[in-house]
Amino acid sequence: MITPFPPVEFDAEIIGKLSQSGPRYTSYPTADRFQNDFGYGQFLEAVAGLRMRRSRRPLSLYVHIPFCDTICYYCGCNKIVTKDHSKAAVYLGYLKQEIDMQGRLFDGMGQIEQLHFGGGTPTYLSDRQMGDLMAHLHANFDFADDAHGEYSIEIDPRTVSVERVHSLRKQGFNRISLGVQDFDPDVQKAVNRIQPEAETRAVMNAARAAGYRSISIDLIYGLPKQSIDSMTQTLDKVIDASPDRIALYNYAHLPHIFKPQRRIADADMPSPAVKLELLKMSIQRLCDAGYIYIGMDHFAKPDDELAVAQRQGRLQRNFQGYSTRAESELISCGVSAISAVGATYSQNEKTLEAYYEKLDGGVLPITRGIRLDNDDLLRRIVIAKLMCNFELSMSSIEQGFPIKFRQYFETELGKLEAFEDDGLLTIDDEWISVTPKGRLLIRNICMVFDRYLGVAQDVAPQPLRYSKTI
């Protein structure tokens, strides 16, 4: 019998008081703190450090396919919208070159236990191109077998046939993630993503027949034309389809940053009050349906590997959100992709031209990154524990770092008292524990430990970089 977590509690008054712009903590330090003086040489030093320590940590691999056939107005991803599929053929040639280089660097250093294809739309690639790319990856890296590895791909159900779903399984993928966002026709029209429910259900049925271990659906709340009634109907359909995982993302309307969002009429946007009700209703419906609230925007069935990883303390945050395999080194290939190797983060060039130019020069296409100092590493662990486990043992941190927790974080603990007064967490001699009411505001709690935001140091925050915490 699986013991469920306490249900998350929704307090609209506290949420309204504390909602502000803030990081999602898919990394710490966050990507906006990466530095331009970090490049290929610094990445090589990080890999050499792992080899010197004879690291045999498992490896996680991310592959970015940036192309899309059409544009979805809400999207904030790094993408290239084109119907000229010859561009993908050129890109694949360079991507294989990068894979070759990374494969040589990490040769003999561990198995790939996790693979994720993101985008863009990875299934923009043809079936033949995908098969060729997967074969190239297997030629350059040692993959764990299908039973032990977690190999996932994001797909657009509008572009994938039942036959293609089976083909992707044969090519090595055992987890599949479907972009849905909303089933309501008016909402779909407002965001330029017409996707009938029948198409999505056909893909899910095909995935089950093909033997995928997990099916995930992405939803977004706060989209134009959304209402409580329309979102209720969408959730009814999703629950009936019974995916293993559900990601319920907050739509961040940032038209000053993302040009496609300028096509969304302000008059069509739900009010802040309605958006909060959408979130409250969605959490309640999904929890009532038996899903575990993992944190932030992730839900999973109790027996799903994500929920199991959280119970066992193996959950992590990375650039795809909550994930398993917290102990892995992350190698990322493709334009704009971010790697996490040793005590470094490194990001590839963000444009095709710059990406190709670096590879033509015989170097990995790294444009910026950061080497973490001891304070960064300490705060990264603190934030990760709170984000993933909603509790933190102060003595466990002291065992890993030469500090006295209460002395080192005296200022931060003082700031947490306000959250304690609001019933969002408790602090005793040993533990910082986030309450069910505080779980929705975990980003706010973690921001206290982020020295780059000016919480622990006098550095001015830059709120326009981030979405609202709720």
Side-chain angles (χ1 to χ4, degrees), residues 40 43-44 47 58-68 78 80 85-146 148-155 159-160 163-177 210 212 319-320 325 328-341 346-349 352 355-366:
Y40 180 46
F43 181 79
L44 290 181
V47 177
L59 303 178
S60 179
L61 185 59
Y62 173 74
V63 179
H64 190 75
I65 307 297
F67 302 102
C68 293
N78 184 10
I80 298 161
H85 282 245
S86 67
K87 291 185 176 181
V90 175
Y91 179 74
L92 282 174
Y94 282 97
L95 181 62
K96 288 181 184 178
Q97 187 178 337
E98 184 186 5
I99 291 166
D100 289 339
M101 297 172 71
Q102 294 280 21
R104 288 192 295 270
L105 281 175
F106 286 89
D107 184 39
M109 290 179 63
Q111 278 193 322
I112 300 291
E113 293 188 359
Q114 192 172 48
L115 169 70
H116 186 83
F117 269 63
T121 306
T123 47
Y124 183 94
L125 302 182
S126 70
D127 187 55
R128 180 191 60 78
Q129 287 173 325
M130 184 64 76
D132 183 54
L133 179 55
M134 287 295 286
H136 196 79
L137 287 167
H138 279 266
N140 280 275
F141 293 97
D142 178 24
F143 280 74
D145 62 34
D146 184 77
H148 295 95
E150 184 179 285
Y151 307 130
S152 64
I153 184 169
E154 300 171 9
I155 70 165
T159 66
V160 176
E163 293 75 20
R164 183 77 191 274
V165 173
H166 283 266
S167 182
L168 289 168
R169 181 69 183 97
K170 292 174 184 175
Q171 288 166 354
F173 296 102
N174 55 27
R175 294 182 177 272
I176 196 167
S177 177
Y212 286 82
F319 298 100
Q320 286 78 57
R325 319 294 167 104
S328 301
E329 307 287 349
L330 174 61
I331 308 163
S332 294
C333 296
V335 64
S336 79
I338 302 176
S339 297
V341 174
S346 54
Q347 183 170 27
N348 281 352
E349 293 283 359
L352 291 182
Y355 178 76
Y356 296 163
E357 184 179 356
K358 285 270 177 70
L359 288 166
D360 282 337
V363 300
L364 286 172
I366 296 167

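Computation of the quantities below employed the complete heavy-atom set of this structure, encompassing side-chain atoms and omitting hydrogens, waters and symmetry-equivalent molecules. As the structure is a prediction and not an experimental result, all values here were calculated from the model. In this chain, residues are counted from 1 in sequence order.
- Between the side chain of Gln114 and the main chain of Pro58, no donor-acceptor pair closer than 3.5 Å is present.
- When side chains are defined from C-beta on, Leu352 does not count as touching Val90, because their heavy atoms never get closer than 4.5 Å.
- Residues that satisfy the side-chain contact (heavy atoms from CB on, under 4.5 Å) test with Ser152, not counting sequence neighbours, are His116, Arg175.
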Donor-acceptor pairs are to be reported for all side-chain atoms of residues 328-335 against protein atoms at under 3.5 Å, with residues two or more places apart or in another chain.
from   : atom 1 : to     : atom 2 : distance (Å)
Ser328 : OG     : Arg325 : O      : 3.3
Glu329 : OE1    : Gly342 : N      : 2.8
Glu329 : OE2    : Arg57  : NH1    : 3.0
Ser332 : OG     : Ile338 : O      : 2.5

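- Each of Leu115, Asp142, Ile112, Val341 was checked for a side chain to side chain contact (heavy atoms under 4.5 Å, CB included) with Leu59, and the lone residue meeting it is Ile112.
- Closest non-hydrogen pair, Met134 versus Gly172, comes out as CE-CA, 4.3 Å.
- In this structure the side chain of Leu105 reaches within 4.5 angstrom of the side chain of Leu364, judged on heavy atoms.
- Side-chain contact check for Tyr356 versus Glu349: every heavy-atom pair is 4.5 Å or farther apart.
- Contact between Asn174 and Gly149 at its shortest, heavy atoms only, is ND2-O, 3.0 Å.
- At least one side-chain heavy atom of Ile99 sits under 4.5 Å from a side-chain heavy atom of Phe141.
- Using modelled atom types, one side-chain atom of Ser126 and one backbone atom of Gln129 make a donor-acceptor pair closer than 3.5 Å.
- The minimum heavy-atom distance linking Gln347 with Ser336 is given by the pair NE2-O, 3.1 Å.
- Scanning for side-chain hydrogen bond (donor to acceptor under 3.5 Å, both in side chains) contacts around Arg169 gives Asp146, with sequence neighbours left out.
- Between Leu137 and Phe143 the shortest side-chain heavy-atom distance falls below 4.5 Å.
- With hydrogens and angles disregarded, no donor-acceptor distance shorter than 3.5 Å links the side chain of Gln171 to the backbone of Met130.
- Rounded to the nearest 0.5 angstrom, Leu125 CG and His85 NE2 are separated by 9.5 Å.
- Contact check for Glu98 versus Leu95: side-chain heavy atoms found under the 4.5 Å cut-off.
- Not a single side-chain hydrogen bond (donor to acceptor under 3.5 Å, both in side chains) links Gln102 to another residue, sequence neighbours left out.
- A distance of 6.0 Å separates CD1 in Ile65 from CG in Leu92, rounded to the nearest 0.5 Å.
- Listed here is the closest heavy atom pair of Asp360 and Gln97: N-NE2, 4.4 Å.
- Looking at heavy atoms from C-beta onward, Tyr124 lies out of side-chain contact with Thr159 at the 4.5 angstrom threshold.
- Between His64 and Tyr62, the ring planes lie tilted relative to each other; the angle falls in the 30° to 60° range.
- Put simply, CD1 on Ile153 and CD1 on Ile176 are 7.0 Å apart, with the number rounded to the nearest 0.5 Å.
- Phe117 and Phe173 have perpendicular rings, their planes meeting at more than 60° on a 0 to 90° scale where under 30° would count as parallel.
- With sequence neighbours left out, Glu154 forms a salt bridge (charged side-chain N to carboxylate O under 4.0 Å, His left out) with no residue at all.
- Shown here for Tyr212 and Val165, the closest heavy-atom pair between the two residues is OH-O, 2.7 Å.
- Within 6.0 Å of NZ in Lys87 there are 12 or fewer heavy atoms belonging to other residues, nucleotides or ligands.
- Scored by the ring-ring contact (aromatic ring centres under 6.0 Å, His included) test, Tyr91 finds Phe67, Tyr355 as partners (sequence neighbours excluded).
- Across Gly362 and Met101, no two heavy atoms sit closer than the pair O-CE, 3.5 Å.
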